[in-house]
There are 2 protein chains.
Amino acid sequence: MKALSKPTIYEVARRAGVSIATVSRALRDSHLVTAETRRRVQEAAEALSFTPSRSARSLAEGRHAANGIVFPHLVGPYYAEVLLGYEEAAAELGRSVLILGTEGRPDATAQVLDLASRVDGMVVMGRTVPDDVVVELAATGLPIVLLARDPVDGLDTIRSENRATARELTAHLLGHGHRRLAFLGDPDASPDVADRYAWFSEALGRRRPAPVRCAFDVEAGQRAATALLQRRNPPEALVCANDEIALGAHLAAAKAGRDVPGDIAITGWDDVMAARFVGLTTVRQPMRELGATAARWLHDRMSSTDPARTPARRRVIPTRLVIRRSCGPDPCEGRQVDP
Amino acid sequence: MKALSKPTIYEVARRAGVSIATVSRALRDSHLVTAETRRRVQEAAEALSFTPSRSARSLAEGRHAANGIVFPHLVGPYYAEVLLGYEEAAAELGRSVLILGTEGRPDATAQVLDLASRVDGMVVMGRTVPDDVVVELAATGLPIVLLARDPVDGLDTIRSENRATARELTAHLLGHGHRRLAFLGDPDASPDVADRYAWFSEALGRRRPAPVRCAFDVEAGQRAATALLQRRNPPEALVCANDEIALGAHLAAAKAGRDVPGDIAITGWDDVMAARFVGLTTVRQPMRELGATAARWLHDRMSSTDPARTPARRRVIPTRLVIRRSCGPDPCEGRQVDP
DNA sequence: TTGAAAGCGTTACCAC
DNA sequence: GTGGTAACGCTTTCAA
């Protein structure tokens, strides 16, 4: 009724007729207590519905038992999926998860610093904070894992494979006879996109078109594609940096009366749910796995006796080209991959 | 180089030639310090790159400056969007966000209790933990906001409107001449779905079909729909509890050679991105807004002098029926709502 | 305006 | 095994 102020370990101790040291031990069953004593303590704790103060505990132990993750934004399925994989794996390892989105936050660095003071380690994704912030944090001794982001000396990095699939994708389009290819999306917006564009244009050889920069949502993709389609000599294929842009391009094509893939081929990246229903050729990324791996690596570093001395790991998670009907009239390589 | 153990307020104090009390004050610019003193302190703090220990601070202040949110799972766009709205609003209010997914966690209650010890307030969504856990927590004095979940005495609740749109949706289908309607999804899985089914069957009048229970993903929807379509007398319309099920139903119809909406009408709920591209009639929920509102209400409660004495608030956030082509040959009411 | 010192609620070391 | 008691690093009276 009036139990508004939480009971402390002292109340429990008094009620059980032991010292606070014993209560502490009994409750975290270090086996240094009699079964009988433990029973009494547990009973008392139960009766008072005692819960140890997390901050006192953290202060005394010098750790938080929590992980952080920093991502640009949560819009679109990509980051949500990564986050899901991360949270699941982290929880399994007994760690709480703090999240921080930096999109549109002028004080991103300050927020990341604050986050750092609340966790025992964190994952930093793509375009969120500059490298020097990461480096400074790492110098503190805070375990950090980089995700979908350019490597930094001494830090673990997990990325998804972009080169092979970008080449494969480009080759596939060229194989369909498409010659004028355009790339939609902003390579400066994320390291992944920079990669995709780089390998795409490398695969294209001499004629490297400048990227058609646009934001990563359906509307932006639609606008960009609309503009392209109005040119005198429109591209024959739109290679979009993510599925949302590609979906926007589909909309633009439909509105312009162009057939996909008859008049124009379109490809995306990520394989979000909608891609399957639109028949969009895209690249499947194991987003859950990215997140889960990050959580496990972080855990490894945090439990390692001397984190700084463990050599940095790098992992490139393989992706897969998913051919559907949007890329060409005749899916010659690979089959429809609807299921 | 060797700054592995973080500097404390004592180091800063010594370096600045003041007491720790002054450092504390200067750093949180309580105006009780000379400009000159503050400068010296800030300089020292900067030089040592001092960051106050979060746990010590929390212990001393008796608060965490953090919010929690408990959701079932993150798969599918629904919860991710809610989370996004929540995180954005919370960050704006200067609070960190801890997340906890309970899906498939046998010890959900224990985890929620742990979460509770790390935050100053939390949002509890749908089917995560039983009411008595919530009640017990609330009795502690912990501010709680319920989201997409049945109300509990004395607690703020935010839900999205289901009745009006369920009726409207059902009426619309009936208006198209459909008579045998089936409901796909499990009303026991979430309070929202329970509502949707209840109002759907109420709108149907005497002939209330039992729900066709299935999980909330594409595959489950496809299986369930496939089974229905194989009946001698298959339904004329499938009212699906969410868009993923409806998308699965689309797949099933296609595979069975049935035309949508010619042979069978299909509707969903949530208006996920794919819905728009499939032309799925559905109900749009303001998921971001749900999350943002929850964050703000929680903040209100936490900053209120006497949280317990403020009367509980209830809000039902309006939703909107989005008519597309999957529900009937002739969208008579409303127009295509593609944009 | 500043400093000394008393908490905040644990954990963990050191005696007994 | 158990109890006393230093930490842990900060905030916040209370005096000066």
Side-chain angles (χ1 to χ4, degrees), chain A residues 3-42 44-45 48-66 113-114 116-120 140-141, chain B residues 3-42 44-45 48-66 113-114 116-120 140-141:
Chain A
L4 273 188
S5 61
K6 291 115 187 131
T8 73
I9 201 173
Y10 285 92
E11 272 90 88
V12 180
R14 182 156 357 109
R15 193 171 223 264
V18 296
S19 74
I20 61 164
T22 301
V23 173
S24 178
R25 286 189 283 252
L27 256 30
R28 291 170 309 117
D29 51 26
S30 75
H31 41 254
L32 301 168
V33 269
T34 323
E36 164 59 10
T37 309
R38 159 136 61 258
R39 203 192 47 68
R40 287 226 316 281
V41 171
Q42 281 174 336
L48 296 163
S49 61
F50 164 75
T51 317
S53 147
R54 187 62 239 186
S55 14
R57 211 180 208 279
S58 294
L59 179 56
E61 291 181 327
R63 44 189 225 87
H64 302 277
L113 261 34
D114 178 88
S117 74
R118 299 173 171 274
V119 298
D120 303 320
T140 300
Chain B
L4 273 186
S5 61
K6 289 119 190 124
T8 72
I9 201 174
Y10 286 91
E11 272 92 89
V12 180
R14 183 155 357 107
R15 193 170 223 266
V18 296
S19 74
I20 61 164
T22 301
V23 173
S24 176
R25 286 190 280 249
L27 257 28
R28 289 170 311 113
D29 51 27
S30 79
H31 41 257
L32 301 169
V33 270
T34 321
E36 164 59 11
T37 308
R38 160 135 64 254
R39 204 191 46 68
R40 288 226 317 280
V41 170
Q42 282 173 335
L48 297 162
S49 60
F50 165 75
T51 317
S53 146
R54 187 62 239 183
S55 12
R57 211 178 203 282
S58 295
L59 179 56
E61 290 181 328
R63 44 190 224 86
H64 302 276
L113 260 35
D114 178 87
S117 74
R118 300 173 170 274
V119 299
D120 304 319
T140 299

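So you know, we letter chains A, B, ... as the sequences are listed, proteins then strands, and number each from 1.
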Could you check how far CG of B:L27 sits from C1' of D:dG9, rounded to whole Å?
13 Å

Check every strand shown and say whether A:T51 touches a base, only sugar-phosphate, or nothing at a heavy-atom separation below 4.0 Å.
sugar-phosphate

Rounded to the Å, how far apart are A:R28 CZ and D:dT2 C1'?
15 Å

Residue pair B:H64 / A:S55, side-chain heavy-atom distance below 4.5 Å:
yes

Expressed in angstrom and rounded to an integer, what is the separation of A:R39 atom CZ from D:dT2 atom P?
13 Å

Base, sugar-phosphate, or nothing for B:S53, non-hydrogen atoms under 4.0 angstrom?
sugar-phosphate

Extract, from 5' to 3' on DNA chain C, the first and final nucleotides lying under 4.0 angstrom from some heavy atom of chain A.
C:dG9 to C:dC13

Once you round it to whole Å, what is the distance between C1' of D:dA6 and CG of A:L59?
13 Å

Considering residues at least two apart in sequence or located in another chain, which fulfil the side-chain contact (heavy atoms from CB on, under 4.5 Å) criterion with B:T22?
B:V18, B:S19, B:R25, B:V33, B:T37

Does a side chain donor of either B:S24 or B:R28 reach within less than 3.5 Å of an acceptor in the other side chain?
yes

What heavy-atom pair brings B:F50 and B:L27 nearest, and what distance separates the two atoms?
CE2-CD2, 3.6 Å

Just to verify, what does B:R14 make a salt bridge (Lys or Arg N to Asp or Glu O under 4.0 Å) with, not counting sequence neighbours?
none

To the nearest angstrom, how far is A:H31 atom NE2 from D:dG1 atom P?
10 Å

With sequence neighbours excluded, tell me which residues meet side-chain contact (heavy atoms from CB on, under 4.5 Å) with B:L113.
B:T109, B:V133, B:L137

Closest heavy-atom pair and its distance - A:A66, A:R118
CB-O, 4.0 Å

Grab the CG-P distance between B:L48 and D:dG9 for me, whole Å please.
14 Å

In Å and rounded to the nearest 0.5 Å, what is the CZ to CZ distance from B:R57 to B:R54?
5.5 Å

Polar pairs (N or O, both sides) under 3.5 Å between protein and nucleotides 3-5 of chain D?
from  : atom 1 : to    : atom 2 : distance (Å)
D:dG3 : OP2    : A:S19 : N      : 3.1
D:dG3 : OP2    : A:S19 : OG     : 3.3
D:dG3 : OP2    : A:T22 : OG1    : 2.5
D:dG3 : N7     : A:R25 : NH2    : 2.8
D:dG3 : O6     : A:R25 : NH1    : 3.3

Partners passing side-chain hydrogen bond (donor to acceptor under 3.5 Å, both in side chains) against B:S49 (at least two apart in sequence or in another chain):
none

